[in-house]
Structures are given as C-alpha cells and as structure tokens.
Amino acid sequence: MVDGLGGGPVKVDVPPQSNFFEVLKALKAAGHAKGLNALAVLVDGVAVDLVATVPGSSAVPVRFLTFDDAAGQEVFRHSTAHLLAHAVSRLFPDVLPTIGPVVEEGFYYDFAATPFTPEDLERLEVEMRKIVAEDLPVQRLEMTRDEALVAFASNRFKVQMIREFEDGSITAYRQGDFIDLCRGPHVPRTRMLKSFKLTKVAGAYWRGDQKNEQLQRIYGISFPDAARLEAHLKALDEARERDHRKIGQEMDLFSFHDEGTGFPFWHARGMVLRNTVVEYWREVHRKYLYNEILTPAILNMSLWQTSGHYDHYRKNMYVTQIDEVDHAVKPMNCPGGLLVYKSRLHSYREFPLRVAELGAVHRHELSGVLHGLFRVRSFTQDDAHIFCTPEQVEASVVETIRLVFEIYRTFGFTDVHVELSTRPLQGSIGSDEVWRVAEAGLEAALKSQDIDYKLNPGDGAFYGPKIDFHVKDCMGRSWQCGTIQVDFSMPDRFHATYEAEDGTRKIPVMIHRAILGSLERFIGILIENFAGKFPLWLNPTQVKVLPIGDKFSDYAKQVGDELVRAGLRAEVDLRNEKLGKKIRDAQMQHVNYQLVCGAREAETGTVAVRMRSGEDLGALPLAEVIARLKDENDRRVL
RNA sequence: GCUGGCGUAGCUCAGUCGGCAGAGCACCUGAUUUGUAAUCAGGCGGUUGUGGGUUCGAUUCCCGUCGCCAGCUCCA
C-alpha cells in the first residue's frame with residue numbers, strides 16, 4: 001500500500017524482493033507517481049533508501065518522501081553534506097571528516113582541518129558539481145563493529161563514534177571512492193543534488209564542547225532545483241535589508257562606539273521611538289493597576305551576596321568600589337525592588353501588590369555574543385514584581401497573561417507561542433509542596449485562558465517555575481520576549497514579610513515578570529518586523545511637509561506648526577530641491593505621510609496628501625488631515 | 001572567551017603586485033523656483049582603526065592591540 005500520492009492509499013504489485021524503484025515504475029505505469037521525485041521512502045514510519053527491499057506484506061504502509069516532506073528534505077540536505085565531505089576528501093586528502101548533520105538553515109559538516117578560506121569554498125563547490133555530474137550511485141553498506149573499526153581506523157573521530165554506538169550492525173554509505181559512517185537514508189544517485197551553495201565557514205568544537213578540539217565547520221544549503229535556491233538566497237538578502245543595525249544607522253536611531261563595546265547610544269530619533277513605546281507601556285500598566293519605582297544602578301556587594309547573584313553570576317557583573325567597599329552594577333532589578341518592599345510593613349490587604357520598574361541593568365556578556373540591540377551589555381528591562389499570597393498566584397498569573405497578550409497585540413504580534421518550564425531535577429530550592437502548588441497554579445492559569453503551550457520539564461529557574469512567551473515576527477522568526485516566574489526564594493532570603501489576616505507575619509510569593517523583555521531588544525525586533533516602515537504611532541517622523549518652492553515656505557511652516565501643535569511629529573523640508581527629490585527622501589526615511597504645499601493648497605488652506613504606499617489622496621483641508629492623522633495615531637493603528 | 005574574515009571621507013565602497021589616496025551619496029556655496037521616488041555646477045571633507053616592526057619609502061608586508069561581521073560556546 002502506497003500512501004501520500006493524493007487521494008487514498010494505492011495498491012501496487014511488484015515481484016518479491018523488488019526494491020522501491022520497481023514500485024515507482026509500477027506506480028508510474030499505473031499513472032500515479034507522475035512528478036513524484038522520490039528521494040527516499042518511509043516504510044512503517046522509518047525512512048529507508050529507495051534501493052531497500054520492499055516489505056513482503058501489503059499491510060505495511062509505504063510513503064515516498066520528496067523534498068516537500070520535512071523528512072525528505074533532511075535526506076536531501078544530508079546527502080548534500082556527504083557530497084561536500086566527498087569533495088573535501090578529494091581536494092584535501094589529509095582532512096578528517098567528523099559529522100555532518102542537517103540543521104534548520106541547511107546543513108553543515110565539521111572537519112578536523114586547518115581553516116578553509118572563501119576560495120577553498122569555491123573550489124569545493126566546483127568539485128561537488130563534478131561529483132554530481134559523475135552521477136555516482138550512493139550505496140548502503142552494512143558492517144559489524146569490528147569491520148567498521150577497520151574501515152575507519154584512520155579517523156579517530158569516527159572510531160570514537162563507532163565505539164560509542166549501541167550494539168547491532170553499523171551502516172556506512174559509499175559514493176565512488178568516498179565512504180562515510182552514516183545511518184542514512186540517502187538519495188540514490190549524486191545527480192539528484194543539483195542546486196547547492198556553501199554559505200560560510202566557522203570554527204566549532206568537537207561535540208560542541210569548548211574543552212574539545214576545535215574543528216572547521218562548513219555551512220551549506222541545497223535544493224532540488226535552481227529556482228528554489230535562488231528564492232532562498234533572495235529571502236536571505238531581504239532579511240539582510242531588514243537588519244536593525246543597518247536600519248538603525250540609516251534612520252539615525254542609535255549607534256555603537258568603540259568607547260563602550262556593547263553599550264547602545266540612543267539618538268534623538270531613536271529616543272522618540274523608545275519613548276513612544278514606554279509611554280504606551282506606562283499607560284497600559286496604569287490600567288492594570290501597577291505602580292512604578294526606580295532603584296539605583298550601583299549597590300553594595302552584600303546585597304548581591306544576599307540575593308545569590310554573587311555566588312552564581314559574579315563573572316557577569318561589573319564590580320567597583322565606593323569608599324573602599326565592594327559594590328556591583330545591578331544585573332537585575334529584583335534585589336533593589338525587595339529593598340523598596342521592605343522599607344515599610346505590608347498587609348495582605350494591599351495584595352496583589354504590583355510594582356513595575358523600567359530598570360537599566362548591566363551584564364558582562366562575552367564579546368563574541370554581542371549583536372546590535374539584540375545582545376548588549378546594558379539594557380532596560382520592563383520588569384515588575386508582584387507580591388501576593390500563594391492563593392493569589394493563579395489569579396495574578398492570569399491577569400499578567402492578559403496583559404502580555406494585550407501589549408503584543410498593540411504592536412501587531414498576534415502569533416504568540418507559550419512555554420511552561422517546571423522544576424529542575426537538580427539544584428532547585430523550596431519544598432515539594434510549594435513547587436507543586438506553583439506549577440499547578442501556572443498550568444491552571446494557562447488552561448483557564450485556553451492557551452496552548454509547550455511543556456519543558458526541568459527547564460524552570462532554580463527558585464521557581466516559569467512561563468515564557470515567544471512572538472513570531474512577519475518573517476516567521478520567533479523571539480522570546482515575555483516571562484512570568486514564580487519565586488519562593490528571594491523574599492525569604494531578604495526576610496520580606498507581610499501581615500496576614502490572622503495577624504502573623506508571613507513570607508509573600510514574588511512573581512517576576514517582563515513582557516517586552518529588554519526594551520532595546522524589543523525595539524530591534526520592531527525595526528526588523530516593520531523593516532523600518534513603522535506604523536504611524538511608532539514612527540519618529542510621521543509627516544513631512546513639502547513646499548513646492550520658496551514661495552510656499554511660509555505656508556508649509558504654518559502647516560508644520562499646526563501639525564506639531566496637534567501632537568504629531570512633523571518636519572518641513574525647506575531645502576532648495578525639486579518636489580520629486582523631497583518625496584524620494586521622505587520615502588527613504590519611511591515617513592508615513594507627505595503633505596505637498598503649492599499654489600493651489602496655499603490658496604485654499606489645504607494640503608495634497610501622499611501616503612507612504614504611494615497612494616495620492618489629493619488635496620484635503622488641513623483640519624481634516626490633522627483630525628485623520630491624530631485618530632490613526634491615538635488609536636495606534638498598525 | 002574561541003576560530004575565521006574584515007577595518008580607506010559622516011555613509012556605501014573603489015584603489016595601491018610597497019612610490020603624490022579616489023568615486024557616488026550626504027554636507028556647504030552658487031545657479032535654477034521646481035507638482036508626486038534623484039536639477040546642474042563648484043567646494044569642504046582622510047595621520048587609510050590603533051601601537052610597533054621591516055624598508056630609502058608602509059594605506060599596502062609582518063607582529064601586537066581595539067573594534068566590527070559570521071559561526072561556536074554562554075545567556076540568572
């Protein structure tokens with residue numbers, strides 16, 4: 001029975017001991033397999049080669065894999081990785097191949113070698129094309145462990161892998177004079193691997209461990225036809241065009257300088273964007289009954305000893321001395337928040353007490369991981385701590401989840417993916433009972449809101465379970481932004497208490513939460529999501545007023561002033577340039593509206609409205625335009 | 001932090017097999033007075049990231065260093 005051809009399963013008869021090529025032939029003869037382009041085959045859920053023997057019973061379900069199946073794509077790309085290793089073995093006979101898996105962005109192969117140069121990649125691509133043209137058959141070889149140890153004796157990495165394999169037969173694949181240890185399956189002939197590109201070289205460690213030998217990794221991508229490869233490379237180009245570091249410079253939003261590696265400098269226009277985000281954030285937090293505090297950047301080291309940061313994360317903290325006493329720049333806001341909490345007595349009647357802080361934190365990240373606004377050494381967390389009783393955890397989490405979704409929706413992120421992480425197997429603190437209640441509370445909160453989530457057992461923080469929120473941008477990329485973490489430990493460490501209904505002092509539960517995560521990173525995400533073409537409410541420059549000539553400068557200035565007085569961000573382009581030039585520049589700055597002022601407009605008190613899309617709304621009375629833009633701005637239309 | 005690549009004008013990038021450092025854009029000035037994505041001309045602008053070495057001579061070759069980029073590792 002062959003499935004997956006469209007329509008129901010199809011039955012074909014082939015002689016006993018046939019391979020799947022016979023099945024394909026029979027299907028084609030019956031008019032079924034047209035344009036199938038099978039790469040491998042799924043027999044009872046297990047991917048095998050097309051040359052494998054067809055099972056004797058028709059009860060076993062069979063499905064051919066093409067590039068359009070995830071599993072088929074994997075076979076294809078993995079075969080391309082072998083093709084690469086084959087080419088390397090021809091051009092660099094002394095190089096030892098190690099492993100070559102398929103990853104999300106194609107495939108890679110790690111080699112024990114001296115570094116490859118970009119020219120080497122070009123030569124390798126040429127050699128790979130040669131091997132494709134030779135159309136070598138790809139054969140599966142089964143061998144015993146001893147045979148495998150002999151066959152791969154010269155490759156210490158393969159020997160190590162063979163030794164670690166579980167018992168049973170070991171498989172390898174041969175194409176021409178190249179043999180590689182591999183579970184398979186593979187495409188049957190090298191000819192099928194038509195379109196590929198080697199994309200980059202990088203160092204990588206054997207088994208991903210820094211202590212091990214460093215290998216040379218070659219990344220590549222492959223497709224069954226040139227058109228798909230082209231489309232893929234074009235999409236990569238588009239992603240490069242959206243790079244927030246590039247747009248940030250073009251739009252004059254922020255910069256980085258050698259004098260402060262990893263510390264962003266916000267320019268005036270970037271601050272408008274940032275303040276707009278913050279303004280909205282404050283507005284919605286007021287609505288959700290938060291209050292806001294601000295705690296100092298540098299605090300005595302004893303505080304970090306109490307919080308536990310000194311023990312666990314000292315290497316990431318910036319330390320200094322004040323009057324010869326050790327201090328640290330804060331890497332997190334919660335210890336400071338706890339000092340504020342402790343500055344007076346609290347009653348259960350105040351709970352849940354929602355305390356927000358847009359706190360600037362500094363962390364010493366490794367130099368190699370810094371990346372624009374996405375990974376910096378100083379950033380502002382949209383932090384908040386909710387102090388409550390254990391009974392209030394669930395309701396507080398529900399309320400926070402609602403807030404998270406409301407905020408994401410305002411920025412246009414409606415595709416949100418949620419993960420729940422539970423108690424780590426080792427190193428966690430707190431009683432079983434407390435953990436059980438907290439995990440149940442988070443789970444109940446998610447269920448009550450009908451939210452699908454992924455469970456990550458053992459991935460929680462050492463002090464409590466957490467919910468993480470990932471937003472998907474318009475390119476389909478997922479970004480972890482929000483987090484809700486229940487914490488039983490910190491209030492205890494700090495001896496924070498509240499007066500309970502029965503008059504006793506109790507320790508509150510503390511819920512840490514961030515929604516945007518890092519303001520810097522979130523703005524980076526916004527820039528890439530919108531490719532700099534911000535919706536009106538977020539755009540640093542919303543309107544450009546464009547006089548057609550000097551004669552209309554006064555009228556244009558008047559228009560600009562009125563827009564600004566109405567609370568819109570407008571600039572007037574008084575340069576001695578032609579209209580086409582002014583429009584072009586406004587377009588390149590992604591300004592939402594261009595208001596053209598010439599003789600007709602000046603006489604009638606109108607402006608000719610051109611939208612960023614290129615749509616021309618014609619001349620409209622200024623008052624009408626202002627009302628319309630204000631409405632779009634105030635409603636935060638996307 | 002590790003491996004590799006790269007640092008030339010505010011930006012994007014040429015160039016120099018070791019011999020007077022260039023273009024476009026931006027900016028300034030002048031002409032032009034402009035109607036929906038680039039008007040023309042002129043001008044300003046650089047210790048070639050930085051420190052050292054080799055050399056008659058270094059932007060070019062070598063070493064150190066800082067930064068950027070890609071990946072690895074890390075990410076409370």
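- When both distances must be under 3.5 Å, the Watson-Crick or G-U wobble mate of B:U33 does not exist.
- Across the C1' atoms, B:U3 and B:G52 are found 25 Å apart, a figure rounded to whole Å.
- Contacts of A:Gly580 with the nucleic acid, taken as non-hydrogen atoms under 4.0 Å apart, involve only primed sugar atoms and P, OP1 or OP2.
- Atom CG of A:Leu455 sits in a crowded spot, with more than 12 heavy atoms from other residues, nucleotides or ligands closer than 6.0 Å.
- Distance from the side chain of A:Asn316 is smallest for B:A76 among the nucleotides B:G35, B:A76, B:U3.
- For the pair A:Glu250 CD and B:C25 C1', the interatomic distance rounds to 12 Å; values are reported in whole Å.
- The residue A:Ala586 sits apart from the nucleic acid: no heavy atom pair falls under 4.0 Å.
- For the salt bridge (Lys or Arg N to Asp or Glu O under 4.0 Å) with A:Glu365, the lone residue among A:Lys315, A:Arg375, A:Arg377 that qualifies is A:Arg375.
- A:Gln594 and A:Gln587 are linked by a side-chain donor-acceptor pair at a separation below 3.5 angstrom, with hydrogens and angles left out of the test.
- Using a 4.0 Å heavy-atom cutoff across all strands shown, A:Glu601 reaches at least one base atom of the nucleic acid.
- Minimum atom distance to the side chain of A:Asp616 is reached by B:U36, of the listed B:U36, B:U39, B:C72.
- When heavy atoms are screened at a 4.0 angstrom cut-off, A:Gln594 is found touching no nucleic acid atom at all.
- For A:Glu520 (side chain) and A:Thr380 (main-chain N/O), a donor-acceptor pair under 3.5 Å exists by modelled atom type.
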